[in-house]
Amino acid sequence: MSIRDSALRPHSSHWGVFSAGWQDGRLRVEPYAADPDPNPLIENFPDAIHHRARIATPMVRRGWLENGPGPDTRRGSDEFVPMAWDEVLDRLAAELRRVRDRHGPGAVFGGSYGWSSAGRFHHAQSQVHRFLNVAIGGYVRSVNSYSAGASAPLMPHILGGLDEVARRNVTWEQIVEYSDVVLAFGGMALKNSRVASGGISRHVERDAMQAAARRGCRFVSISPLRSDMPEEAGFEWLPATPGTDTALMLGLVHELVRLGLHDRAFLASHCEGWDGFEDYLLGRSDGVPKTCAWAAPICGVPEERLRTLARSLAGKRVLVVISHSLQRSEHGEQPVWMGAVLAAALGQIGLPGGGYNYALGTLAHYGKRDNAVAAAAFPQGTNGVKDFIPVARISDMLLHPGQAYDYNGQRRVYPQIRLAYWAGGNPFHHHQDLARLGRAFATLDTFVVHESAWTATARHADIVLPATMTLEREDIGATPTDPVFVAMHRIAEPHGLSRDDYAIFCDLSERLGALEAFSEGRDARQWLAHLYERTRQGLADLGLEAPDFDSFWQRGMLELPQKEDHGGMLRAFRQDPVHAPLPTPSGKVQICSPAIAAFGYADCPGHPAWMPPKFAPDATHPLWLVANQPHSKLHSQLDFGAHSQSTKRRGREVCTLHPDAARARGIAEGDIVRLFNEVGACLASATLSQDLLPGVVQLPTGAWYDPQPDAEGRPLCVHGNPNVLTRDIGTSSLAQGCAGQLSTVQVERWDGAVPAIRAFDPPMPAEQALKALAALQD
Ligand SMILES: Nc1nc2c(c(=O)[nH]1)N[C@H]1C(S)=C(S)[C@@H](COP(=O)(O)OP(=O)(O)OC[C@H]3O[C@@H](n4cnc5c(=O)[nH]c(N)nc54)[C@H](O)[C@@H]3O)O[C@H]1N2
Ligand SMILES: Nc1nc2c(c(=O)[nH]1)N[C@H]1C(S)=C(S)[C@@H](COP(=O)(O)OP(=O)(O)OC[C@H]3O[C@@H](n4cnc5c(=O)[nH]c(N)nc54)[C@H](O)[C@@H]3O)O[C@H]1N2
Ligand SMILES: [Mo]
């Protein structure tokens, strides 16, 4: 990049609106001036932009080049050969044609799960989906998300659409004004609400919790980690054994019923199935009353504390919040359902600042008002393939084509996939049991990845196409819950030979005879103007100032009007259950669900229930592992950036242990430790803290997978990626969601030599790859 100095210009990211420019040859970033609590994650950009981990040229795996498409266990450890754009696109187009013509588009997996970047046009997932739809005729897709894998299929059975319950529900403004108690299961860590897909202009959560607490709102955080709630909330910490929230809530509801403090009128007027549930609660159906005394040893919380908590909720404006994390584990459907039942028993659903808000505080989208003007998204076209998988069943699908499985009342069969196409996601970050995932990708004929950096996913690909990162292109930053609409200016020239996903797909479409259908004759700038038009028209329709595209672009930002805080679906339903019924079978809150009961799943019965997890700590794996979201980055993105690196020790991810657990294992602060179970093993640097339960070890996600064989030849991640330790199981037959938040492990001090981190070293240095290509051209 030749620019040494340039003015700051607006840009946006999932972790905040900011501006960027160059000073003395170094990238400078500054948070949006109106943001009261800016996110330090933007500090990952300056060192990342030309980091050695960036991909500089198209690369093709040697085994694929020499032997052609086909299953290959060398994926992930093979060499790569640099290739010029024209040649690599010719070869890729030929391979896409081969798979389509011989096996049909149903042999292509294009789920391509992942967060991509904030710009709405260069949104890699939308780009790859549109390309596969128009150029290949479709692809096998994935449904739901790693975020809400259990709650997304469950919610329509019990309350309504996930977005209605998570996004368009209780706002932070209501909490500041009305809530007496916020009962936050999984906490409300500010690290999590710092991010929102599509961007976020003002981080309001810290101030909102502080203002509510000052007014007298009581925050209770039920979580294995004290750090899941900010000090500003002045909260009470109720440490509870991971995975036991359903039992805890059953105890609370039992105590309310025992004392006659439950809201019988609300349960009768707004809910269906209380009686059947009460049979279970009181033990009439199974002989086990779910009392606080019953719940206490399961949750590791004293009985008296549960009783006191239950009594203190009656008659108060109580908001029950269940974080995404609770449902990212075995039986993850149950706490989501039970949270709604607790809020219903308290008679609070639909009240301002009260009731039930799933996932509030886990992302900056939630607790906000909707914009009054829509923003357009890049259209994806029509998928000619109807087949799909629940997103976290990727390895099962690749390893077991033809096998039957249950999902949400359907008996489905895994398709036979020959080619997988990924752009904008990192399965070797997000999926569980990474060694198994490696075996799954070995079954493919061809694996294509567009990436800006050498992630483990790129290293497992056959064809790696270097994609620009967000700062290297123009885009529009927008999300329906944030009023700031951003003209994301280009701040840097593309790294090496990298190109925009859009440009790559245009050239591939041309080779497949589908350029006009894919591009509609527009270049990237013309698409931005086209997408902007919907927002401009929306502003004009409201009689507001509606600048044309060029003025918007020059101005850099627009502040969109927002809707009134009307309380959403649940408020309307509370006020008039007859005329504003919920979109459930009964039109009411389903405390029992005859539909789910009819599926006959042993692992998801017709009302919320406590089912002990199959994988709980035992003699060989005595500790719970909490593998939560990292505070220093978004998932695995820019793990090589300065801010993320500053939180590592000796280059490794840090895991937190209780001093008692450490002492029993001869582990001291800063020691390198090995975490292991029957799934795999990794190294991390240990830090000791009183602020978590003694039976819990916490290792965040996000360290790039860096497998090096251990003494038995099994992969040991020397960098600290917890997904080598998580189990690749579905939450239940209902949702088949990701269960990666929790695992069980043993931990020991690592006295061996400490292997070097190689995750950020490319398979071939960029200069060497560029030189090899230049030599070919001569
Ligand atoms: N154990 C455990 N595992 C988990 C979780 C957990 O709690 N515990 N949480 C899960 C959750 S909630 C989620 S959402 C997933 C997240 O999983 P992912 O969304 O897959 O993680 P990211 O690191 O955001 O991956 C995005 C990738 O896209 C690339 N990228 C960014 N912009 C572009 C672009 O414009 N073009 C292209 N081609 N690539 C681009 C980035 O470099 C990055 O590698 O992880 C899940 N995994
Ligand atoms: N900085 C940062 N923020 C993020 C992300 C990121 O990668 N980085 N990812 C974003 C995404 S995609 C999503 S989906 C959300 C995810 O939001 P969450 O899934 O809610 O976030 P986590 O940090 O994984 O988990 C929150 C806390 O839940 C607690 N917990 C774990 N298991 C249990 C349990 O069984 N019971 C109880 N009571 N508590 C438990 C853990 O202590 C953990 O710290 O976060 C978003 N925010
Ligand atoms: Mo997520």
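This one's a predicted model, so the numbers in the text were calculated from it and none came from an experiment. Read the numbers this way: they start at 1 and go in the same order the structure lists the ligands and their atoms.
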Below 4.0 Å, non-hydrogen atoms only: which portion of Arg473 touches ligand 1? Side chain, backbone, both or neither.
side chain

Relative to each other, are the rings of Tyr705 and Phe428 parallel, tilted or perpendicular (30° and 60° limits)?
parallel

Looking only at protein heavy atoms, which one is nearest to atom 17 (O) of ligand 1, and what is the separation?
His430 CB, 3.1 Å

Shortest heavy-atom approach to atom 2 (C) of ligand 1 - which of Val449, Thr701, Leu742:
Thr701

For atom 18 (P) of ligand 2, what is the nearest protein heavy atom, given as residue, atom name and distance?
Ser325 N, 3.7 Å

The closest protein heavy-atom partner of atom 41 (C) of ligand 2 is Asp228 OD2, 3.3 Å

May I ask you to say whether Glu472 pairs ionically with Arg499, meaning some side-chain N is under 4.0 Å from a carboxylate O?
no

List the closest protein heavy-atom neighbour of atom 34 (C) of ligand 2: residue, atom name, distance to the nearest 0.1 Å.
Asp245 OD1, 3.5 Å

Tell me which part of Asp501 gets within contact of ligand 1: side chain, backbone, both or neither, using heavy atoms under 4.0 Å.
side chain

Atom 46 (C) of ligand 2 [closest protein heavy-atom partner, distance rounded to 0.1 Å]
Thr362 O, 3.2 Å

On a heavy-atom basis, I'd like to know which of Ala458, Ala453, Ser498, Gly424 is closest to atom 40 (C) of ligand 1.
Gly424

Backbone or side-chain N or O of Ala627 under 3.5 Å from ligand 1 N or O:
yes

Any carboxylate oxygen within less than 4.0 angstrom of a Lys/Arg side-chain nitrogen, looking at Asp482 and Lys368?
no

Answer side chain, backbone, both or neither: which part of Gln629 comes under 4.0 Å from ligand 1, heavy atoms only.
side chain

On a heavy-atom basis, I'd like to know which of Glu451, His431, Gln741 is closest to atom 29 (C) of ligand 1.
Glu451

Does ligand 1 have any atom sitting under 4.0 Å from a heavy atom of Gln432?
yes

Would the His11 and His489 ring centres measure less than 6.0 Å apart?
no

Between Trp115 and ligand 1, does any nitrogen or oxygen pair lie at a separation below 3.5 Å?
yes

What do you reckon, are the aromatic ring centroids of His450 and Trp422 less than 6.0 Å apart?
no

Carefully, step by step, assess Phe640 and Trp454 under the rule ring pair (Phe, Tyr, Trp, His ring centres under 6.0 Å).
CA-CA 11 Å; Phe640 43 82; Trp454 278 109; over 10 Å; no

Ring centroids only, cut at 6.0 angstrom: are Trp115 and His635 within range, meaning strictly under it?
yes

How far is atom 11 (C) of ligand 1 from its nearest protein heavy atom, and which residue and atom name does that atom have?
Tyr146 CB, 3.6 Å

For atom 1 (N) of ligand 1, what is the closest protein heavy atom, and at what distance to 0.1 Å?
Asn723 OD1, 2.7 Å

Please determine if Arg727 and Glu678 form a salt bridge, counting it only when a charged side-chain N lies under 4.0 Å from a carboxylate O.
yes

Carboxylate-amine/guanidinium contact Asp47 Arg52, below 4.0 Å
no

Below the 3.5 angstrom mark, is there an N/O of Gly740, backbone or side chain, next to an N/O of ligand 1?
yes

So that I know where these two stand, are Tyr139 and Phe131 an aromatic pair - ring centroids less than 6.0 Å apart?
no

Quick one: does Arg328 get an N or O within less than 3.5 Å of an N or O on ligand 1?
yes

